[in-house]
K.L.:
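Quick one: structure below, then a few questions.
Below, chain A is the first sequence line, B the second, and so on; all start at residue 1. When reading the values below, keep in mind they use all heavy atoms of this one structure, side chains included, and skip hydrogens, waters and symmetry mates.
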Amino acid sequence: MLREGILPTTVTFNTMIHMCGNNGRMEEVASLMRKMEGLQCHPDTRTYNILISLHAKHDNIEMAATYFKIMKDASLEPDAVTYRTLLYAFSIRNMVSEAEKLILEMDKKDLQIDEFTQSALTRMYLEAGMVEMSWSWFQRFHLAGKMSSECYSANIDAYGERGHISEAERAFNCCSEGKRLTVLEFNVMIKAYGISKKYNEACYLFDSMEKHGLSPDKCSYSSLIQMLAGADLPLKAASYVREMKEAGLVDDCIPYCAVISSFVKVGQLEMAVSLFDEMIVFGIKPDVVVYGVLINAFADMGSVKDATKYLVEMRNSGLEANAVIYTSLIKLYTKVGYLREAQETYKMLQSFEEGLDVYSSNCMIDLYSERSMVKQAEEIFEHLKKKGNANEFSYAMMLCMYRRNGMFKEAIQNARKMKELGLLTDLLSYNNVLGLCASDGRYKEALATYKEMLSSAIQPDDSTFKSLGIVLLKCGVPKEAISKLESMRKKDPQSGVQEWTSALSSVIGVLDTDSPDSKDA
DNA sequence: TTAGGGTTAG
């Protein structure tokens, strides 16, 4: 583009810088700047505006601010575009003092802030915890009277998203005084009520749209249905789905799916199924997600028959099961103890990119360990470890399997590895490890584990003290003394736990070895 | 710059 013999003008450079920058070729932008300098071709205000906006877009705010300074040093007058670009960039990064400095300059030059930047200011002040300040800016714009629906909505949304519901309401009311409301303001206000868990208000506002001569659009319905479903109010949500259907605004199964999954969540599976049936009657095609919801629901119930029914139905309608569905099936087969089916499903999962995750692998370990199929369980466990995916569940299940099969050495190694990797975090895991230590005669290790448990603020339970009681008993503490410790703990858990700790410390603290028959202690 | 559905165990 830069041909020899023809001197490119500033305008040409501006165009090229703009093009390169928009394509992300920032090195070329820098090289063009150097060429400009070499040719003594002077950048103008527009050149700097482009540079500031490009660097802001590429998240290099320092460079954007630097060009602003260079521009002024070159005695070029920043214009409304310059200020708007930089002020917006500062606002969305919550750079309050930098933004305020610019605003001051703009006021001096009598330059107006555009409404898009204004809503960014509202957000910035809210993020900074300066609610009053944000409100005074909102008012300044509101009183100037040139706000659009988009701007009012952006402000209502800014307040609503952060739970400032009364400011959102005030902004909404300001809007209704100044101009005719549109669906947009209603939608963000409904969303605001949802975020503040004011579901009745949301419904009431939605229902009042008609009185304002407005019809709710797809977004109004979707957000209301979504919020009600998420708030465990599926019955209410269902009535709006029906209304939405009546209005001809349902074109996929997503709103139905939200409500169906809400019914499942609150345990009303029959309602979920009947809404699903209703959806089919209306000719809305179910997709793999909504099938997934039902299959998972029946998997949780251990109902192979129903889960399979929906799986078959899904396949018959030409949909392929995905990794999520196979994971639900593995959960189901683990629950009911169908090893062969689980193995087959696990094999199917291998063909997926996300494929074999910890969850499904742990299900397989669970199945194998219940059957004492040590080798098979180990194989999966090794695979998990190799990929760095083995988690607390994986380790705990392996530990239990080893223990059940009398493989104490392996069990202890596992327990130690768990601690080492920081995977011992849950009460159940601690209890597993303590139970193991107690039955394997590792009293010092039991005490250390118990102390670790207390210091990581895990509340011990009855099962914890059952194992510790065995430890004390094996150390020669009489049964009566142990029962006394337990009744003390039942009466006053706090001091009871302390009594247990000192009893264990005094008995075990004097031992000089742990498990005399082991050499790896 | 309005909203959006599914899997996480002992």
K.L.:
Could you tell me whether the side chain of A/Asn362 has a donor or acceptor atom within less than 3.5 Å of a complementary atom in the base of B/dA9?
P.N.:
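Flag set: donor-acceptor pair detected.
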K.L.:
Base, sugar-phosphate, or nothing: which does A/Val324 touch, judged by heavy atoms less than 4.0 Å apart?
P.N.:
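Base contact - A/Val324 has a heavy atom under 4.0 Å of at least one base atom.
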K.L.:
A/Asn155 CG to B/dT2 P: how many Å, rounded?
P.N.:
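My rounded result for the distance is 13 Å.
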K.L.:
Looking only at the side chain of A/Asp157 (C-beta and beyond, no hydrogens), which of the listed nucleotides B/dT2, B/dG5, B/dT8 gets closest?
P.N.:
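Taking heavy atoms from C-beta onward, the closest nucleotide is B/dT2.
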K.L.:
Using whole Å, report how far CD1 of A/Ile156 lies from C1' of B/dT1.
P.N.:
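That distance rounds to 13 Å.
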K.L.:
Below 3.5 Å, does any donor atom in the side chain of A/Asp366 face an acceptor in the base of B/dG10, or the other way round?
P.N.:
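Absent.
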K.L.:
Could you check how far CG of A/Leu294 sits from P of B/dT7, rounded to whole Å?
P.N.:
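Going from A/Leu294 (CG) to B/dT7 (P), I get 12 Å.
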K.L.:
I need the residues from residues 388-407 of chain A with at least one non-hydrogen atom less than 4.0 Å from DNA chain B; give them sorted by number, or say none.
P.N.:
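Per residue number, the list reads A/Asn391, A/Phe393, A/Ala396.
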K.L.:
How many Å lie between CG on A/Asn187 and P on B/dT2, as a whole number?
P.N.:
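Interatomic distance, CG of A/Asn187 to P of B/dT2: 10 Å.
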K.L.:
Considering residues at least two apart in sequence or located in another chain, which fulfil the salt bridge (charged side-chain N to carboxylate O under 4.0 Å, His left out) criterion with A/Glu100?
P.N.:
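For A/Glu100, no residue satisfies salt bridge (charged side-chain N to carboxylate O under 4.0 Å, His left out) once neighbours in sequence are set aside.
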K.L.:
What's the OH-C1' distance between A/Tyr152 and B/dT2, to the nearest Å?
P.N.:
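Spelled out: OH on A/Tyr152 to C1' on B/dT2 is 18 Å.
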K.L.:
Within this structure, what is the CE-to-C1' distance between A/Met418 and B/dG10, rounded to whole angstrom?
P.N.:
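Roughly 10 Å, once rounded to whole Å.
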K.L.:
In whole angstrom, give the distance that lies between atom CG of A/Asp287 and atom P of B/dT7.
P.N.:
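Rounding to the nearest Å, CG of A/Asp287 and P of B/dT7 are 14 Å apart.
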K.L.:
What nucleic acid atoms does A/Cys253 come within less than 4.0 Å of, heavy atoms only: base, sugar-phosphate, or nothing?
P.N.:
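Base, at least one base atom sits under 4.0 Å.
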K.L.:
Once the angle between the rings of A/Tyr333 and A/Tyr338 is folded into 0 to 90°, is it parallel (under 30°), tilted (30 to 60°) or perpendicular (over 60°)?
P.N.:
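If you compare the ring of A/Tyr333 with that of A/Tyr338, the planes turn out parallel.
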K.L.:
Got a sec, which pairs hit ring pair (Phe, Tyr, Trp, His ring centres under 6.0 Å) with one end in residues 238-272 of chain A, sequence neighbours left out?
P.N.:
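Listed once each, the pairs are A/Phe206-A/Tyr240.
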K.L.:
Sequence neighbours left out, what pairs pass salt bridge (Lys or Arg N to Asp or Glu O under 4.0 Å) with at least one residue falling in residues 116-130 of chain A?
P.N.:
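Passing the test, one end in residues 116-130 of chain A: A/Arg123-A/Asp157, A/Arg123-A/Glu161, A/Glu127-A/Arg162.
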K.L.:
Would you say the base of B/dT1 stacks on A/Phe116 (centre-to-centre below 5.5 Å, plane angle below 30°)?
P.N.:
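The ring of A/Phe116 is stacked on B/dT1.
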K.L.:
For the side chain of A/Ser328 and the base of B/dG6, is some donor closer than 3.5 Å to an acceptor across the two?
P.N.:
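Result: no qualifying N/O pair found.
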K.L.:
Please check the phosphate of B/dT8 (OP1 and OP2 only) for any side-chain N or O of A/Lys331 closer than 4.0 Å.
P.N.:
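A/Lys331 to B/dT8 OP1/OP2: side-chain N or O found under 4.0 Å.
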K.L.:
Sequence neighbours left out, what pairs pass salt bridge (Lys or Arg N to Asp or Glu O under 4.0 Å) with at least one residue falling in residues 305-325 of chain A?
P.N.:
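Counting only pairs at least two positions apart or across chains, no salt bridge (Lys or Arg N to Asp or Glu O under 4.0 Å) contact touches residues 305-325 of chain A.
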K.L.:
What integer distance in Å separates A/Ile330:CD1 from B/dA9:C1'?
P.N.:
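Spelled out: CD1 on A/Ile330 to C1' on B/dA9 is 13 Å.
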K.L.:
Check A/Lys218 with A/Asp251, please: is the shortest side-chain N to carboxylate O separation under 4.0 Å?
P.N.:
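Yes, charged N to carboxylate O under 4.0 Å.
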K.L.:
I'd like to check the side chain to side chain contact (heavy atoms under 4.5 Å, CB included) partners of A/Gln226; sequence neighbours left out, ordered by chain and number.
P.N.:
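By the side chain to side chain contact (heavy atoms under 4.5 Å, CB included) rule, A/Gln226 matches A/Ala258.
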